[in-house]
Amino acid sequence: MWATSPAFRRQLVLLRSLLPPHPSSSSSVAGRFAPASYSSGSSSSLRASHAMAASAATVYEADAEAVVRRITPPLDRARHKGQAGKIAVIGGCREYTGAPYFAAISALKVGADLSHVFCTKDAATVIKSYSPELIVHPILEESYSVRNDERASVSSKILTEVAKWMERFDCIVVGPGLGRDSFLLDCVSNIMKHARQANIPIVVDGDGLFLITNNLGLVEGNPLAILTPNVYEYKRLVQKVLNCYVNEETASEQLTALCQKIGGVTIMRKGKADVISDGKTVTQVSTFGSPRRCGGQGDILSGSVAVFASWAQQFLLSNEQPTEKRVNPMTLGCIAGSLLLRKAASLAFEKNKRSTVTTDIIEFLGKSLEDICPAEH
Ligand SMILES: NC(=O)C1=CN([C@@H]2O[C@H](COP(=O)(O)OP(=O)(O)OC[C@H]3O[C@@H](n4cnc5c(N)ncnc54)[C@H](OP(=O)(O)O)[C@@H]3O)[C@@H](O)[C@H]2O)[C@@H](O)CC1
Ligand SMILES: Nc1ncnc2c1ncn2[C@@H]1O[C@H](COP(=O)(O)OP(=O)(O)OP(=O)(O)O)[C@@H](O)[C@H]1O
Ligand SMILES: [Mg+2]
């Protein structure tokens with residue numbers, strides 16, 4: 001049984017060791033963890049359901065605020081530009097310019113220093129006009145703009161152009177507003193392979209999930225890959241990988257199985273609660289956000305997760321925990337990103353009610369982070 005396995009116990013210890021000591025510190029696991037359904041999400045430890053004796057896919061309610069506080073780097077005056085993170089979004093085509101913009105600007109608003117967008121030429125001018133803060137590379141091409149006999153050379157030119165930048169990025173987000181053009185997706189597959197070789201963490205969302213669902217080799221066995229499926233994207237993944245339908249009664253087991261079958265990846269299944277697994281533990285963030293389901297919230301999430309995942313990696317590296325004792329930084333990134341989006345959505349809804357849209361939520365990312373983790377303390 002996973003719940004009683006040494007690896008499971010190690011994960012519990014790791015999650016605890018990352019977080020600050022609990023005021024009512026006790027050696028018992030029960031003193032530190034509580035069933036997910038009892039959790040307010042505001043204690044200083046990660047809470048779990050049914051403690052150690054629980055079933056294989058026990059779901060933990062993360063103390064997401066503690067995670068955010070822990071991994072967010074201080075605003076150290078000695079730091080230079082770039083040290084708080086350089087993020088790239090691969091997405092943006094004729095149809096979609098909002099999604100890559102939301103993801104890239106959210107990365108900046110959360111605290112990254114630089115945010116790039118690699119998109120098609122059609123999308124680039126539009127995205128630039130939304131914001132001068134973003135660095136926009138109009139390099140992707142769709143089938144309609146490339147002759148058959150030019151495809152190989154255009155594809156290799158695109159890869160060369162992105163590869164020039166790749167090593168500088170702390171995380172890339174593949175998919176928001178990417179579209180599903182076959183030539184463009186082939187080029188993006190090459191970019192993903194290159195990112196993997198360079199050990200760059202990668203958040204796969206939107207049409208990036210469409211791409212990998214049909215080409216699992218792009219993420220198989222990659223511990224630096226985070227998949228953030230919505231309800232449709234999850235359904236497609238489960239059907240493709242597990243060859244069955246989504247079953248809510250065995251939801252956490254199914255999520256764990258999905259991660260294990262793909263191998264090594266972290267998956268955040270978005271919904272009423274965001275449920276996160278790396279195939280070993282299952283954690284959820286269920287802090288209430290907003291009842292508005294306007295399009296684009298997943299894009300904010302992917303940009304935010306990219307920043308937090310890179311901060312979590314840095315945090316764990318600089319705190320020198322032995323490898324076998326490390327919490328998965330990708331999981332921490334998902335937990336933090338989910339909480340921040342939900343807090344911002346809640347504040348935006350309080351102000352705008354039914355008219356709340358994605359840009360309103362982005363406006364509150366700063367305040368939400370400030371409330372949890374003040375810039376000056
Ligand atoms: N403001 C913006 O720019 C925003 C842009 N956005 C961007 O939109 C893109 C799609 O993401 P989404 O979330 O709408 O697709 P999703 O929920 O999987 O599917 C819903 C239904 O639609 C269908 N379908 C979708 N795409 C299709 C296609 N190309 N061609 C054919 N069918 C397609 C799909 O059908 P199925 O695939 O199941 O057959 C399902 O039934 C993605 O790049 C995202 O980032 C969003 O982030 C929101 C804000
Ligand atoms: N039923 C729900 N109740 C509460 N929050 C939800 C619900 N569904 C989604 N969310 C929140 O909205 C965020 C975005 O999830 P959603 O399923 O809308 O993604 P998406 O469809 O990929 O979004 P996008 O329109 O950006 O593509 C999730 O992180 C989650 O916090
Ligand atoms: Mg989406």
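Here the structure is a predicted model, which is why all the values come from computation and not from measurement. Heavy atoms only: backbone and side chains are in, while hydrogens, waters and symmetry mates are out. Note that ligands are numbered from 1 as they come in the structure, with each ligand's atoms numbered from 1 the same way.
- No N or O atom of Gly296 sits closer than 3.5 Å to an N or O atom of ligand 1.
- Residue-ligand proximity, Gly175 to ligand 1, at heavy-atom distances under 4.0 Å covers atoms 43 (O).
- Side-chain atoms of Asp186 and Ser155 include no donor-acceptor pair closer than 3.5 Å.
- Checked against a 3.5 angstrom limit, the closest N/O atoms of Ser338 and ligand 2 fall outside it.
- Geometrically, Arg354 does not engage Phe349 in a cation-pi contact, judged by NZ or CZ lying under 6.0 Å from the ring centre and within 45° of the ring axis.
- For atom 13 (C) of ligand 2, the closest non-hydrogen atom on the protein side is Leu341 CD2, 3.5 Å.
- Protein heavy atom in closest approach to atom 47 (O) of ligand 1: Asp299 OD2, 2.7 Å.
- Proximity of a side-chain donor or acceptor of Ser355 to a complementary backbone N or O of Asn352 within less than 3.5 Å is detected.
- Under the 4.0 angstrom criterion, atom 16 (P) of ligand 1 counts as having a protein heavy-atom contact.
- Taking any N or O of Gly177, backbone or side chain, at least one lies under 3.5 Å from an N or O belonging to ligand 1.
- A salt bridge links Asp207 to Arg180: one of the charged nitrogens lies within less than 4.0 Å of a carboxylate oxygen.
- Residue contacts with ligand 1: Tyr232 is placed with no nitrogen or oxygen under 3.5 Å of a nitrogen or oxygen of the ligand (distance criterion only).
- Of all the heavy atoms of Ile300, none lies under 4.0 Å from any atom of ligand 2, so neither backbone nor side chain is involved.
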Go through the steps to decide whether Arg292 and Glu350 satisfy the test salt bridge (Lys or Arg N to Asp or Glu O under 4.0 Å), and finish with yes or no.
CA-CA 11 Å; Arg292 276 282 282 144; Glu350 218 174 281; over 6 Å; no
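- For ligand 1, the atoms lying closer than 4.0 Å to a non-hydrogen atom of Leu178 are 43 (O).
- Of the heavy atoms in Asn230, only side-chain atoms (C-beta onward) come closer than 4.0 Å to ligand 1.
- Looking from atom 43 (O) of ligand 1 to the surrounding protein, the closest heavy atom is Asp207 OD2, 2.5 Å.
- Distances from atom 9 (C) of ligand 1 to the protein include at least one heavy-atom value under 4.0 Å.
- The closest approach between a heavy atom of Pro100 and any atom of ligand 1 is not below 4.0 Å.
- Below 30°, between 30° and 60°, or above 60°: for Phe118 and His137 the angle between ring planes is below 30°, a parallel geometry.
- Using a cut-off of 4.0 Å between Lys/Arg side-chain N and Asp/Glu carboxylate O, Glu65 and Lys343 are scored as salt-bridged.
- For atom 13 (O) of ligand 1, the nearest protein heavy atom is under 4.0 Å away.
- Closer than 4.0 Å to atom 21 (C) of ligand 1 lies none of the heavy atoms of the protein.
- Of the possible polar contacts, none joining the Gln284 side chain to the Glu61 backbone as a donor-acceptor pair under 3.5 Å is found.
- Within the 4.0 Å cut-off (strictly below), a protein heavy atom is located near atom 29 (N) of ligand 1.
- For Gly298, the heavy-atom gap to ligand 1 stays at 4.0 angstrom or more.
- Side-chain contact annotation: Glu141 with Ser145, donor-acceptor N/O pair under 3.5 Å present.
- Side-chain contact check for Tyr130 and Thr97: at least one donor-acceptor pair (N or O, by modelled atom type) lies under 3.5 Å.
- A donor-acceptor pair is defined here as one N or O able to donate and one able to accept, closer than 3.5 Å; such a pair exists between the side chain of Gln254 and the backbone of Tyr245.
- Ion pairing between a basic and an acidic side chain is recognised when a charged N comes within 4.0 Å of a carboxylate O; Lys270 and Asp205 show such pairing.
- Proximity to Gly295 (heavy-atom distance under 4.0 Å) selects the following atoms of ligand 2: 25 (O).
- Annotation: Asp274 places an N or O atom under 3.5 Å from an N or O atom of ligand 2; distance criterion only.
- Considering backbone and side-chain N/O of Arg342, one or more are found under 3.5 Å from N/O of ligand 2.
- Judged by distance alone, the side chain of Arg69 and the main-chain N or O of Ile372 form a donor-acceptor pair under 3.5 Å.
- Remark: ligand 2 and Gly298 share an N or O pair separated by less than 3.5 Å (distance only, no angle test).
- Taking distance alone, with nitrogen or oxygen atoms compared against 3.5 Å, Gly296 approaches ligand 2 more closely than that limit.
- Protein heavy atom in closest approach to atom 5 (N) of ligand 2: Arg293 NH2, 3.3 Å.
- Short contacts between ligand 2 and Asp299, defined as distances under 4.0 Å to a heavy atom of the residue, involve ligand atoms 26 (O).
- Within the 4.0 angstrom cut-off, atom 19 (O) of ligand 2 has one or more protein heavy-atom neighbours.
- With respect to atom 3 (N) of ligand 2, the closest heavy atom belonging to the protein is Lys272 CA, 3.4 Å.
- At least one N or O atom of Ala99 sits closer than 3.5 Å to an N or O atom of ligand 1.
- Near Leu301, meaning under 4.0 Å from one of its heavy atoms, ligand 2 places the atoms 29 (O).
- In this structure, Gly271 counts as a contact residue of ligand 2, since one of its heavy atoms falls inside 4.0 Å of the ligand.
- Between the Ser368 side chain and the Phe364 main chain, a donor and an acceptor come within less than 3.5 Å of each other.
- Ligand 1 lies within reach of Arg236, whose nearest heavy atom is under 4.0 Å from it.
- At least one protein heavy atom sits closer than 4.0 Å to atom 36 (P) of ligand 1.
- If you check which protein heavy atom lies closest to atom 21 (O) of ligand 2, you get Asn230 ND2, 2.9 Å.
- Close approach of ligand 2 to Gln297 (heavy-atom distance below 4.0 Å) involves ligand atoms 14 (C), 26 (O).
- With respect to the salt-bridge test (charged N to carboxylate O, under 4.0 angstrom), the residues Arg147 and Glu150 qualify.
- Glu142 places no side-chain N or O within 3.5 Å of a backbone atom of Asp181 that could act as its donor or acceptor partner.
- The option from Glu233, Arg180, Gln297 that lies nearest to atom 25 (C) of ligand 1, judged by heavy atoms, is Arg180.
- At a cut-off of 3.5 Å, with distance as the only test, a side-chain donor of Asp274 or Ser338 sits close to an acceptor on the other residue.
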